[in-house]
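See structure below.
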Amino acid sequence: MKHVLLHRKEKTVSNFLDQLNKEQYDAVVQAEGPVMVIAGAGSGKTRVLTYRIAYLLSKGVDAFNILALTFTNKAAREMKERVLKLVGDGEGRNVWMGTFHSIFSKILRIDGHLLGYPSNYSIYDSTDSKRLIRQIVSDMQLDSKVYAQSFVAGRISMAKSSLMNADQYTNNPDVQTVDEASGKPMIKDIYRAYQARLKKADAMDFDDLLFNTYLLFAGFPEILYKYQQKFQYIMVDEYQDTNYAQYLIIKRLAANTENICVVGDDAQSIYAFRGANISNMLNLKKDYPDIKLFKLEQNYRSTNTIVQAANQVITFNKEQIKKTVWTDKGAGTRIDLIKASSDNEEGNLVAAAIFDQKMNNQLPNNAFAILYRTNAQSRSIEEGLRKKNIPYRIYGGLSFYNRQEIKDLLSYFRLVINNNDDEAFHRIINVPARGIGKTTLEKMMVAGDENGLSLWQVAEDPNSFGLALNSGTARKISDFITMIKSFMALNKSKDAYEIASYIATTSGLVKMHKDEETPEGISRVENIEELLNGIKEFTEKAVETNEGDLSIKKSLGEFMQDVALLTDADTDSDEDKDKVTLMTIHASKGLEFPHVIVVGLEENLFPSIQSISTRSELEEERRLFYVAITRAMSHLTLSHAESRYRWGNFTFTEPSRFLEEINAELYNKPKESGLNKQAVKRNFSDSFNTSFTKRPLKPMHRAENTPSAPSASQPTDGNIQVGMEVEHVSFGLGKVISIEGEGPNKKATVFFHAVGQKNLLLRFAKLMVVGNG
DNA sequence: AATCGGAAGGTTTTT
DNA sequence: CCTTCCGATT
């Protein structure tokens with residue numbers, strides 16, 4: 001049987017299917033057989049996937065037989081919510097929806113023992129991996145400059161996502177030629193040692209989650225069969241970002257029924273650097289000659305100006321699947337261009353622009369997103385926002401889970417769950433300081449290596465390895481082991497929150513940071529508390545899902561299974577609701593915001609200096625720009641600075657080539673810095689005439705008929721003075737504390753009785769004078 | 001063994 | 001610029 005027949009259990013499905021356009025509908029109801037949906041930005045990609053799941057359920061397909069894979073937890077969660085909204089709380093919950101990594105990690109917890117992994121295996125994040133690689137490079141007495149950890153990690157990751165183990169890596173002449181040419185012929189040995197250490201620690205890195213799943217399916221046909229039977233209907237989101245390992249796993253899983261539906265947009269492929277391969281999309285036709293192809297081209301997200309800009313940009317790429325994204329929305333407002341003299345001024349101007357737009361259109365903070373190419377750019381932006389008292393939330397960057405104190409505590413948890421987790425052991429054996437120093441640890445590591453044992457196994461019985469430890473040190477080690485064992489014993493009866501907070505105190509971690517008595521120490525304690533709160537929430541959620549049955553609470557082990565695959569973007573608390581979003585463009589994929597500001601549009605930054613040497617890299621940068629533009633629903637602002645501090649050095653920068661790939665008539669007149677209007681005007685024409693010389697430009701239009709043009713509101717600021725009592729439409733009565741700026745940028749700081757101090761741009765605030773103070 | 005200070009090195013992008 | 005690592009000092 002090639003295609004599983006749908007059970008007949010007719011329900012009225014028309015009511016929710018009405019909400020789809022023709023193409024979306026066709027893609028949704030094509031339930032059987034291979035399907036590829038090429039979905040332009042904002043064309044309802046997620047909608048198709050969620051409605052498809054709902055449709056399958058309504059046709060009587062068992063929820064347990066559906067698998068939906070995404071790339072980010074955020075996307076998975078969103079899909080889940082939307083499915084539950086469509087089909088109600090019951091059945092929808094049983095659909096397997098999650099990221100590749102989380103779904104595969106589950107499979108490996110169940111069946112990984114066939115590959116020699118216990119179900120409580122640890123997951124090493126990239127920090128752990130790199131630390132281990134550095135350790136190995138140093139153990140092998142190689143030059144750590146030649147064998148830079150991130151470079152080696154990159155090579156190993158690339159090998160794993162191409163399903164190449166250390167032996168295959170060693171025996172592959174192409175790979176070896178590359179390594180020899182780059183003067184790094186020992187990578188193959190580092191790879192082998194690295195894998196041995198991971199195995200010894202009962203640990204997998206991110207790439208192993210995919211690689212091992214592949215090995216499991218390839219080596220154990222009965223396991224593959226089991227999951228083929230289970231996952232009769234497979235859906236994959238963001239298919240353009242799959243790598244070879246993911247491609248092959250999906251292909252195997254779907255081999256039986258061929259009920260596979262992939263959704264993607266080649267124009268939004270931005271992870272080639274990580275091994276993602278667009279040809280997975282193009283090759284699908286070869287794998288499934290009878291594949292049904294659907295194109296979603298109507299954009300429901302953005303104004304025509306934004307759609308046009310995106311389309312114009314992408315035409316500069318040679319490699320693409322032809323499609324025409326269109327919208328029936330109006331032109332909307334034009335694109336604003338901000339030109340700042342420096343990175344700091346860019347921060348100020350961006351903050352000012354947000355402030356203006358907020359005041360002008362009565363918008364909440366969360367209507368805005370600021371997107372950048374690299375995390376390092378957030379700093380100057382943050383400063384600008386802080387000065388204007390605009391609340392913001394940064395996603396990514398130094399992630400919460402990567403903070404020292406959090407990693408320390410999590411390492412305790414990891415060691416409790418999996419004693420052999422060497423990275424965790426290494427990290428906390430002397431945190432807080434308990435007199436077990438480098439020398440001792442060094443000895444234990446050597447013994448562990450020689451005997452193929454983990455640090456824990458050595459530490460449990462140091463004498464049998466002939467380690468010349470003095471009795472004091474031996475005592476300290478056995479105390480540590482005893483402590484961890486006591487945690488393990490308690491862990492059997494306690495829920496996640498109880499044991500976690502017990503460990504946080506008993507280990508001495510909290511006390512250690514409290515004793516620092518510095519602001520950093522205080523914030524570390526707060527972070528630990530935040531983690532514990534998160535665990536509490538996790539524990540209590542279990543009670544909810546068990547219909548209030550208090551006896552079933554989630555364990556620490558269950559928490560740890562999830563946490564390794566979580567990122568910062570996955571923790572959204574209520575207080576983050578009304579804040580401006582700051583994130584990298586990569587992190588913004590799949591999201592949308594009414595107002596989007598893309599900053600740092602400068603040569604060598606965006607496009608990145610590392611990606612301008614080859615056409616394919618440059619095209620990926622351009623797709624990244626495409627993604628950035630298409631996040632915007634109603635208004636887009638592009639910004640660049642003429643100078644920027646780059647690792648402490650002041651450097652001059654040129655506007656990005658991408659800026660001129662958008663036709664001039666889509667741009668608005670520039671934001672004025674308020675310093676020198678004539679200079680700004682001159683600079684503006686400069687930026688279009690000197691730096692934008694590669695294409696003939698049409699004359700700029702003035703922004704007369706732009707609805708949100710600032711001139712639309714009446715300036716009433718002529719007579720506002722310090723000390724005056726004034727009234728604001730929404731803030732009520734207040735007193736003017738100070739005034740700054742000139743002309744259209746004149747601002748006042750006003751203390752309102754009801755809401756406290758506010759900074760107002762007088763041209764929008766429409767203050768009424770009620771007294772002269 | 002712990003602490004402090006200086007040097008060096010690092011910026012893509014993420015599960 | 002900021003973080004991290006290493007070595008010298010106590």
Side-chain angles (χ1 to χ4, degrees), chain A residues 69-76 98-105 123-127 129-131 134-135 138 144-145 148-151 153-154 157 160-161 204-210 238 241-243 245-246 269-276 343-344 371-380 395-399 401-404 429-442 470 472-473 476 562-570 583-589 600 604-612 617 620-621 623-625 627-628 644-651:
Chain A
L69 294 166
T70 66
F71 268 81
T72 65
N73 295 300
K74 204 167 192 156
T99 65
F100 282 92
H101 289 83
S102 75
I103 298 283
F104 293 168
S105 78
I123 298 173
Y124 279 10
D125 67 17
S126 32
T127 316
S129 297
K130 284 183 188 163
R131 199 164 114 151
R134 179 162 29 81
Q135 182 76 249
S138 132
S144 64
K145 278 177 202 147
Q149 43 188 346
S150 49
F151 185 90
S157 173
K160 286 186 179 177
S161 44
M204 300 192 202
D205 65 15
F206 287 140
D207 297 307
D208 284 335
L209 295 175
L210 308 182
E238 309 277 14
D241 287 329
T242 51
N243 63 29
Q246 290 161 328
S269 160
I270 54 176
Y271 285 106
F273 72 95
R274 212 170 86 186
D343 47 357
N344 285 329
L371 308 180
Y372 34 77
R373 177 69 239 266
T374 66
N375 281 304
Q377 286 166 259
S378 70
R379 235 193 44 242
S380 52
Y395 292 82
L398 214 212
S399 124
Y401 296 101
N402 256 327
R403 288 180 196 174
Q404 196 195 111
I429 178 72
N430 206 26
V431 178
R434 44 176 76 86
I436 304 168
K438 215 159 71 180
T439 325
T440 312
L441 194 56
E442 200 72 34
N470 64 45
T473 308
K476 287 168 189 161
D562 287 356
V563 79
L565 300 170
L566 286 185
T567 57
D568 227 22
D570 304 319
M583 56 170 57
T584 63
I585 301 165
H586 282 90
S588 75
K589 197 173 65 160
N604 298 337
L605 179 61
F606 192 16
S608 161
I609 189 162
Q610 277 127 120
S611 305
I612 47 180
E617 284 174 327
E620 175 145 320
E621 292 286 308
R623 290 192 297 268
L624 195 54
F625 186 46
V627 169
R644 183 173 296 277
Y645 273 92
R646 277 192 115 171
W647 42 148
N649 287 332
F650 185 82
T651 49

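Throughout, protein chains are lettered first and strands after them, A, B, ... in sequence-line order, and every chain is numbered starting at 1. Below, all heavy atoms of this structure are taken into account, side chains as well, without hydrogens, waters or symmetry copies.
- We find that the ring of F100(A) and the base of dT15(B) do not stack by the test of centres under 5.5 angstrom and planes tilted less than 30°.
- Between Y271(A) and S144(A), the residue whose closest nucleotide on DNA chain B is further toward the 5' end is S144(A).
- R134(A) has a side-chain polar atom (N or O) that falls below the 4.0 Å cut-off from OP1 or OP2 of dC5(C).
- Taking both residues in full, the closest heavy atoms of E620(A) and A272(A) are given as OE1-CB, 2.7 Å, listed atom of the first, atom of the second, then distance.
- Rounded to whole Å, atom P of dT14(B) lies 12 Å from atom CG of L371(A).
- Looking only at distances, no side-chain donor or acceptor of T99(A) sits under 3.5 Å from a matching main-chain atom of T72(A).
- A tilted orientation is assigned to the rings of F273(A) and Y271(A), their planes being inclined by 30° to 60°.
- Atom CZ in R403(A) sits roughly 12 Å away from atom P in dT4(C) (whole-Å rounding).
- Residue S102(A) is classed as having no contact, given no heavy-atom separation below 4.0 Å to the nucleic acid.
- Note: NZ (K589(A)) to P (dT14(B)) measures 11 Å, nearest angstrom.
- Using a 4.0 Å heavy-atom distance criterion, N430(A) is classed as a sugar-phosphate-only contact.
- The side chain of T439(A) sits closest to dA1(B) out of dA1(B), dT15(B), dT12(B).
- Across the interface with DNA chain B, nearest-nucleotide mapping of I270(A) and G437(A) shows G437(A) to be the residue nearer the 5′ end.
- T584(A) has no side-chain polar atom (N or O) that falls below the 4.0 Å cut-off from OP1 or OP2 of dT12(B).
- From I429(A), atom CD1 reaches atom NZ of K476(A) across 11.5 Å, with rounding to the nearest 0.5 Å.
- dT13(B) sits 15 Å from dT4(C) when the P atoms are compared, rounded to a whole Å.
- Atom CZ in F206(A) sits roughly 15 Å away from atom P in dT13(B) (whole-Å rounding).
- Y645(A) comes within 4.0 angstrom of no nucleic acid atom, judged by non-hydrogen atoms across all strands.
- For T440(A) and dA1(B), the shortest distance from a side-chain N or O to OP1 or OP2 is below 4.0 Å.
- OP1 or OP2 of dA1(B) has not a single side-chain nitrogen or oxygen of K438(A) nearer than 4.0 Å.
- Per the geometry, OH belonging to Y124(A) stands 18 Å off C1' belonging to dT15(B), to the nearest Å.
- Atom CZ in F273(A) sits about 10 Å away from atom P in dT15(B), given to the nearest Å.
- Ranked by how close their nearest DNA chain C nucleotide is to the 5' end, R379(A) and Q404(A) are led by R379(A).
- For the side-chain contact (heavy atoms from CB on, under 4.5 Å) test, residues two or more places apart in sequence or in another chain that qualify with A587(A) are M583(A), T584(A).
- Formation of a donor-acceptor pair under 3.5 Å by the N430(A) side chain with backbone atoms of G435(A) is found in this model.
- Here A376(A) lies in heavy-atom contact (under 4.0 Å) with a base.
- Close to dT13(B), at under 4.0 Å from its OP1 or OP2, lies a side-chain N or O of N375(A).
- The interatomic distance linking L69(A) (CG) with dT15(B) (P) rounds to 15 Å, in whole Å.
- One atom, CD of E617(A), and another, C1' of dT13(B), lie 12 Å apart when rounded to the nearest Å.
- Evaluation of atom-type donor-acceptor distances gives a pair under 3.5 Å for the side chain of R373(A) against the base of dT13(B).
- In the set dA2(B), dG9(B), dT13(B), dA2(B) carries the atom at the smallest distance from any side-chain atom of A433(A).
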